[in-house]
Amino acid sequence: MDDKGSERLKRRRMQQGDMLHRSSATLLDPSAILIGIDPVIERRRYPKPEILSAFGSIDDLLVRIAERKAALLAAPLVDCGRIVDLQFVRCVLTDFGRLAWNEYSTSIIALVRLMMTEGARSPGLKKRIYKVGPFSVTCQLRQFFTKAHGAGVLNAPQANLAAEHLLGMLREPLYEALMLNPATASASNGAGKVSASVDLVLDGCKRGRA
């Protein structure tokens, strides 16, 4: 590829990143009643044909948004480095929990609603979003518990159960919005609930090997 081709590719990737950022940012209002992908796209400065040309299809755009959200949530787990002690584990899980609580209180609510409306049009979309989104985050959290177990810091031989337990508690705002109060979710006292959830899981994973 010549220099001009490389420059065009670089500009295209930067534009795609900006499109993805703007589309993701639209979902930050959990009270927005999204009836499809068009309300998301119409709030951005890029024309719909241009966005779809960049990502290939509506489905691919939604999958990329879900993938972006998952990468954001999993960042504290992926970038933590070597696990040294219980306090380190608590700090990493708390950082992860605060990010998760915030996302489950805002943009993920809108993304789930959007996925439900678009899923009727494309049956395979839910599976694709689940794989790059919730499943990916669960895998990263499970790997973190596995590493902590291997380091002798936690006793968590069933890392998948520990991961599911913590995620279940952190998803409280999402459940509240989807099941109890469809318009919005309460993010009040998020820090306190995150700390309590992390401590509860850690209490079940006693330090050292059993």
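Values below: every heavy atom of this structure, side chains too, minus hydrogens, waters and symmetry copies. One is the number of the first residue; the rest follow in order along the sequence.
- For the pair Arg68 and Leu72, the minimum side-chain heavy-atom distance is 4.5 Å or more.
- Around CD of Gln158, the count of heavy atoms belonging to other residues, nucleotides or ligands within 6.0 Å does not exceed 12.
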N/O donor-acceptor pairs under 3.5 Å from side chains in residues 90-99, not counting sequence neighbours:
from	atom 1	to	atom 2	distance (Å)
Arg90	NE	Asp199	OD1	3.0
Arg90	NH1	Gln87	OE1	3.4
Thr94	OG1	Arg90	O	2.7

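- The line from NZ of Lys147 to SG of Cys80 is 4.0 Å long, rounded to the nearest 0.5 Å.
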Item checked: Verdict with supporting geometry, Met169 and Val194, side chain to side chain contact (heavy atoms under 4.5 Å, CB included) -> CA-CA 8 Å; Met169 291 185 288; Val194 167; over 6 Å; no
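- How far CZ of Arg142 is from CD of Glu164: 8.5 Å, rounded to the nearest 0.5 Å.
- The CD atom of Glu50 sits 10.5 Å away from the CZ atom of Phe55 when rounded to the nearest 0.5 Å.
- Under the 4.5 Å side-chain criterion, counting only non-hydrogen atoms from C-beta, Leu200 is in contact with His165.
- Interatomic distance, NE2 of His149 versus CZ of Phe144, reported as 14.0 Å (0.5 Å rounding).
- There is a path of hydrophobic side-chain contacts, each under 4.5 Å, that joins Val84 to Leu154.
- In the model, Ser105 has no side-chain atom that pairs as donor or acceptor with a side-chain atom of Asn102 under 3.5 Å.
- The hydrophobic cluster containing Val201 does not contain Leu161, counting ILVMFWY residues as joined when their side-chain heavy atoms lie under 4.5 angstrom apart, directly or transitively.
- The environment of NZ in Lys131 is sparse: at most 12 heavy-atom neighbours from other residues, nucleotides or ligands sit within 6.0 Å.
- Annotation for Tyr130: hydrophobic cluster partners, listed by chain and number, are Phe135 (ILVMFWY side-chain heavy atoms under 4.5 Å, direct or chained).
- In this structure, CG in Leu170 is found 8.5 Å from CG in Leu141, a value given to the nearest 0.5 Å.
- In this structure, CG on Asn160 lies 10.0 Å from SG on Cys139, to the nearest 0.5 angstrom.
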